[in-house]
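This is a predicted model, so every value here is computed, not measured.
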Amino acid sequence: MSTRTRRARLIATAGAGVILLVATPMLAGCAEVMLAVAREVVRAESGPALPPEDDDQASHLQVALDALEVGDCYDVPEADESTPEWSSAVYPASCDEPHMYELFADIDLPESRFPADRFPAGEYPGDDEVWAASDEACFAAFEDYVAEAYEVSPFEFWYYTPTEQSWKRDDRRVLCVLGVPEETVTGSAEGSGAESS
């Protein structure tokens, strides 16, 4: 999933190649790593990951954003020079605790938005077309979720879209997230507009 321009995806692709090149000599130790990851997956499947009492983000269990469900709240890892620009790893968080973002819609872009006379079947329509369709879809879902018009809400929204590569695999999924820029929120945004009226 992507929230960046094609340039960022090229950087991400090059970065993945460098990581693969560097990691190749370490493949001998992969079995131990895979076993440790499997243990963490089993532990994660036994219940939701809760933030530790000391709120040390480094000890939170990270999951991929697309593993969350509508209504789930989350935080993002603090970016540093080692964090890839394209990372979709997040820390699930209780909506009752201070958090940064909330997933408010999980939408498949309709085929009717990309008519065959303009976009041959399976051909990526381009970032601008995908972003415009995603913006429309998330904008339409926003008021239903928050119970308040976007124009008067304190929340902003962002979206994660299919990439050119995932589009070729029939990925049309858009994840719509909301939050208040550079602030944390306590409580779910779902229906919050109705509560404040």
Report summary line: Applying side-chain hydrogen bond (donor to acceptor under 3.5 Å, both in side chains) to R118 and not counting sequence neighbours gives E129

Query raised in the report: For D144, which residues count as a salt bridge (Lys or Arg N to Asp or Glu O under 4.0 Å) partner, sequence neighbours excluded?
Result: none

Report task. Taking the six-membered ring for Trp and the full ring for Phe, Tyr or His, determine whether the centres of W158 and Y101 are under 6.0 Å apart. Result -> yes

Query raised in the report: Under the side chain to side chain contact (heavy atoms under 4.5 Å, CB included) test, which residues partner T186, sequence neighbours left out?
Result: P98

**Report entry** With sequence neighbours excluded, residues passing side-chain hydrogen bond (donor to acceptor under 3.5 Å, both in side chains) with E143
**Finding:** none

Report task. Would you list the pairs meeting ring-ring contact (aromatic ring centres under 6.0 Å, His included) in which at least one residue belongs to residues 162-194, sequence neighbours left out? Result -> F114-W167, Y124-W167

Query raised in the report: With E136, which residues qualify under side-chain hydrogen bond (donor to acceptor under 3.5 Å, both in side chains), at least two apart?
Result: R113

Query raised in the report: With sequence neighbours excluded, what pairs up with A64 under the side chain to side chain contact (heavy atoms under 4.5 Å, CB included) test?
Result: D66, S88

Report summary line: Residue set satisfying ring pair (Phe, Tyr, Trp, His ring centres under 6.0 Å) with F155, at least two apart, ordered chain then number -> none

Query raised in the report: Can you get from V70 to I107 by hopping between Ile, Leu, Val, Met, Phe, Trp and Tyr side chains that sit under 4.5 Å apart?
Result: no

**Report entry** With sequence neighbours excluded, residues passing side chain to side chain contact (heavy atoms under 4.5 Å, CB included) with F139
**Finding:** Y150, E151, F157

Query - Sequence neighbours excluded - disulfide bond (SG atoms under 2.5 Å apart) pairs with any residue from residues 91-168 - result: C73-C95, C138-C176

Report task. Scan for salt bridge (Lys or Arg N to Asp or Glu O under 4.0 Å) pairs involving residues 99-108, sequence neighbours excluded, and state none if there are none. Result -> D106-R173

Requested in this report: Check salt bridge (Lys or Arg N to Asp or Glu O under 4.0 Å) between E111 and all other residues, then give those that pass, not counting sequence neighbours.
Outcome: R172

